[in-house]
Amino acid sequence: MESSRADRHLSRPSRRRPLMYTALASVAVLGATAAGTVYVKAQAHSGGSPVSSASPSASPSPSPSPSSPASEVASVEPVAQPTVDYDSLLADAMDSVSVTGDADVSVAVLDLDSGDSATYGDDAFDTASIVKVDILATLLLQHQKAGTQLTAQEKSYATAMIENSDNASATALWNIIGEADGLDAANETFGLTDTEGGDGALWGLTQTTAADQLTLLQQVFGDDSKLSESSQSYLQELMGQIAAGQHWGVSAAADGSEWALKNGWLPRSATALWDINSIGRVTVDGHDYLVAVLSKGNSTQAKGISLVEAAAKAAVSVFTGESASASPSASSAAR
């Protein structure tokens, strides 16, 4: 709040200062441009912090007199922070990822600490079982709006659907939320713009992008979420207790056991090729990253898993600076 005019008048220091005070400030000339503009920084020796002349409200520097060259006028120019093109860095990192045959991959990553993100590829993919996170998020949002709690049966379905990737439980909850219409309505609230629920009972053929899955993960793990804290905690807990046979995917990018995820895998009957996807949160050196990797056209499930894990490592390496070289997954088994 600004002080009154009278207060400002009363608090204004006397113009008659001892000459010794002026001697307590030293001016360091930092450099000059080719045009002769001098950069200065004043340091008050009375115990205060550095004094900057960059503020627009500060007393302006005197205009050069006819006898004073312009090069003698001191000024401070703002220093622009360099802009990092993380998408370009991710594209470079993905050059080390081997994509064979008819396979295609897209990946998105977010540094939860800084808020910086990167995306590689914008194609739409089948979700397969990663849509189960979206199904449960939709159910939780519907209960929030109604002011109700999940029933015991819904909790049982949710546990089996997320931890064990049980398809029957997913179908039951898909029906409860209103199938694609319910999912699409919730996703509009969540901010997903390129995700469309599968037709009829085909929840696994929901179409999505890596960028949209990153947005969904922010609803689960981020601070600015439409889900309540209790709903977020519930989803996070289930995603952190995935069955042992499914410990693969984005978890390969973590530096230990600090991760929470949901994987999806689907052999397409028309092509005999595999959709392999993985979304979740990983922790590296104490920093949390959200990662979404989508792939299709994999000749085998194992090759798809290797591709997804390599892409996850490449994505996280954009922020950690560490090598994204591939390493064996914790488990090559999947359901």
Side-chain angles (χ1 to χ4, degrees), residues 104 106 123-146 148-210 212-213 215-217 219-220 226-227 231 234-235 238-239 242-243 245-246 249 261-280 292-298 301 304 308 334-335:
D104 187 19
S106 181
D123 289 348
F125 293 75
D126 301 325
T127 56
S129 286
I130 61 170
V131 75
K132 293 169 181 175
V133 173
D134 204 358
I135 291 173
L136 182 51
T138 296
L139 179 66
L140 291 167
L141 182 66
Q142 290 178 346
H143 274 288
Q144 284 179 206
K145 290 183 176 180
T148 55
Q149 302 293 322
L150 268 65
T151 66
Q153 183 63 74
E154 287 172 340
K155 288 182 178 179
S156 178
Y157 286 146
T159 298
M161 179 179 71
I162 300 298
E163 294 185 5
N164 302 305
S165 203
D166 182 68
N167 290 338
S169 295
T171 297
L173 293 183
W174 177 253
N175 293 333
I176 289 172
I177 67 171
E179 298 183 335
D181 288 342
L183 188 83
D184 293 345
N187 283 340
E188 184 175 353
T189 299
F190 292 146
L192 279 67
T193 58
D194 294 306
T195 299
E196 183 177 357
D199 293 336
L202 302 178
W203 45 261
L205 296 186
T206 295
Q207 296 294 292
T208 194
T209 63
D212 257 16
Q213 288 304 298
T215 299
L216 177 63
L217 288 172
Q219 293 297 313
V220 179
K226 300 299 183 182
L227 295 174
S231 292
Y234 182 61
L235 254 168
L238 293 179
M239 293 175 70
I242 299 299
Q246 299 170 39
L261 60 75
K262 183 69 193 80
N263 296 324
W265 54 100
L266 176 67
R268 298 308 306 271
S269 57
T271 62
L273 300 176
W274 286 78
D275 295 331
I276 303 292
N277 306 321
S278 184
I279 62 173
V293 188
L294 310 179
S295 75
K296 59 186 175 183
N298 299 285
Q301 183 182 19
V308 164
R335 293 190 50 182

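Bear in mind that the values here come from a model prediction, so they are computed numbers and not experimental data. Numbers here simply count residues along the sequence, with the first being 1. Just the heavy atoms: all of them, side chains too, but no hydrogens, waters or symmetry mates, feed the values below.
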Problem set entry | Side-chain donor/acceptor of W174 to backbone N/O of L183, under 3.5 Å | no

Problem set entry | Euclidean distance, H143 NE2 relative to L227 CG, rounded to 0.5 Å | 12.5 Å

Exercise. Looking at CD1 of I130 and CD1 of I276, how far apart are the two atoms once the value is rounded to the nearest 0.5 Å?
Worked result: 11.0 Å

Exercise. Salt bridge between R268 and D126, side-chain N to carboxylate O under 4.0 Å?
Worked result: yes

Problem set entry | T215 to F190 - nearest heavy-atom pair and separation | CG2-O, 3.6 Å

Exercise. OG1/T138 to CD/Q219 distance, rounded to the nearest 0.5 angstrom?
Worked result: 10.5 Å

Exercise. Around atom CD of E196, are there more than 12 heavy atoms of other residues, nucleotides or ligands at under 6.0 Å?
Worked result: no

Problem set entry | Test item: S129 side-chain N/O and N263 main-chain N/O as donor-acceptor pair under 3.5 Å | no

Exercise. Under a 4.5 Å cut-off applied to non-hydrogen side-chain atoms, are K262 and Q246 in contact?
Worked result: yes

For this session: State whether the number of non-hydrogen atoms from other residues, nucleotides or ligands found under 6.0 Å of Y157 atom OH is greater than 12.
Result: no

Seminar exercise, completed: Output for pair (D212 CG, I279 CD1), nearest 0.5 Å, gives 11.5 Å

Exercise. Hey, does T208 have a side-chain heavy atom less than 4.5 Å from the side chain of L216?
Worked result: no

For this session: May I ask you to decide if W274's main-chain N or O and Q301's side chain share a donor-acceptor pair within less than 3.5 Å?
Result: no

Exercise. Quick check: does any side chain N or O of S156 sit under 3.5 Å from a backbone N or O of A152, one acting as donor and the other as acceptor?
Worked result: no

Exercise. If you take all heavy atoms of A243 and N164, which pair is closest and at what distance?
Worked result: CB-OD1, 3.8 Å

Exercise. How about K132 and T127: does a side-chain donor come under 3.5 Å of a side-chain acceptor?
Worked result: no

